[in-house]
Amino acid sequence: MRVEDEVIRKRQRDRARVMALLLGAFVVLLFFITIAKTGMNW
Amino acid sequence: MPTLELTNPAALPADWRDFLALTKPRVMYLVVFTGLCGLLVAPVQLPPVLSFTAILCIALGAGACGALNQWYEADLDAKMRRTAKRPLPDGRMDRQSALHFGVGLGVFSVLLMGLATNWFAALLLLASILFYVLVYTVWLKPRTAQNIVIGGAAGAFPPLIGWVAATGHIAALPLLLFAIIFLWTPPHFWALSLFVRSDYAAAGIPMMPVVAGFESTRRQVFLYALPMAAAAVAPWLLGLTEVIYGASAGVLSFVFLVLAARVAANRATEPSAMDAEKHLFAYSVFYLFALFAVLVADRFLPW
């Protein structure tokens with residue numbers, strides 16, 4: 001594998017990790033929003 | 001429409017840190033803080049998770065504005081020393097990625113705000129994003145020296161959005177908070193643009209010092225500070241806050257006026273001799289933080 005390809009793969013891996021973290025945080029946030037909204041009886 | 005094509009020569013995917021930089025996180029602090037204060041002084045208290053989500057949405061909306069602003073102004077940013085190292089002019093990201101990121105972030109923030117709080121707050125958030133991008137960045141900024149005066153409305157939305165997220169309606173106090181930031185923006189930005197005038201001139205942006213000169217800009221800095229100070233003490237005069245806010249706003253605004261008067265009296269044309277402008281710029285940031293912090297303290301502390 002060329003050095004450029006390795007750099008590209010590393011960037012892609014880093015971005016995928018950050019995206020996974022953000023998606024996980026979003027799921028947790030949605031869960032708590034749902035709990036709060038149902039509790040408020042809106 | 002910018003004409004310079006900025007492409008990523010190595011076809012390297014942009015680093016996630018560059019996407020973060022696209023949101024102008026350093027500018028976001030004030031937006032988030034004023035939005036939080038608008039939410040906290042509202043008479044209705046949301047559950048913490050919904051308050052957090054509302055502030056998150058305001059921050060994401062501000063990030064979308066930053067990204068779309070940098071997408072549109074990439075060629076201008078390349079001409080200014082202050083902005084030349086941003087991801088787009090530096091060639092670390094292609095323009096299409098910035099556009100997709102900005103639009104995606106904006107849509108996401110509005111939808112989440114609507115789902116978590118109410119659709120009136122979401123509508124205001126959408127209006128503030130569109131106002132900043134279309135009215136300020138695309139229309140006013142490259143055309144008129146009044147860009148900051150009218151465009152300042154975009155930065156004045158957060159406390160209003162915070163309040164509406166909590167209550168679902170508009171009232172006198174959040175409108176006054178809107179007015180304070182709206183009137184604060186010209187002296188704040190003109191103080192900065194006085195000592196970075198050459199940057200704006202090089203990029204062809206018609207900021208007030210470039211178009212009207214130093215003397216006129218300095219006079220207007222002081223003139224705008226007067227209604228700003230009046231708006232700052234108005235919540236107390238109208239009986240919407242306690243005396244501690246009124247006294248604090250009076251003192252803070254008086255210092256602002258003194259610094260603005262020093263700017264008006266300055267005749268320097270070299271940035272190295274513009275201490276008065278630099279002091280006012282630094283103080284203006286502190287002023288807004290302090291004013292809104294006292295407003296929240298006034299609401300919660302048993303004086």
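Order of the sequence lines sets the chain letters (A, B, ...), proteins ahead of strands, with each chain counted from 1.
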Give the intermediate values and the outcome of side-chain contact (heavy atoms from CB on, under 4.5 Å) for residues B/W16 and A/M19. CA-CA 9 Å; B/W16 65 269; A/M19 202 58 184; over 6 Å; no
Search all heavy atoms of A/Q12 against all heavy atoms of B/P13 and return the closest pair with its distance. CG-CG, 4.1 Å
For the residue pair B/V49 and A/I35, establish whether any side-chain heavy-atom pair is separated by less than 4.5 Å. no
Is any side-chain heavy atom of A/F26 closer than 4.5 Å to a side-chain heavy atom of B/L112? yes
Quick check: closest heavy atoms across B/T117 and A/K37, and the distance to 0.1 Å? O-NZ, 3.5 Å
Sub-4.5 Å side-chain heavy-atom contact between B/L12 and A/E4: no
Which answer fits A/V7, side chain, backbone, both or neither, if we ask what part of it has an atom under 4.5 Å from a heavy atom of chain B? both
Among A/R11, A/R15, A/R13, A/K10, which residue meets the salt bridge (charged side-chain N to carboxylate O under 4.0 Å, His left out) test with B/D15? A/R11
Heavy-atom check, side chain of B/L115 versus side chain of A/I33, under 4.5 Å: no
Within a strict 4.5 Å, meaning less than it, do heavy atoms of the A/F32 and B/T53 side chains meet? no
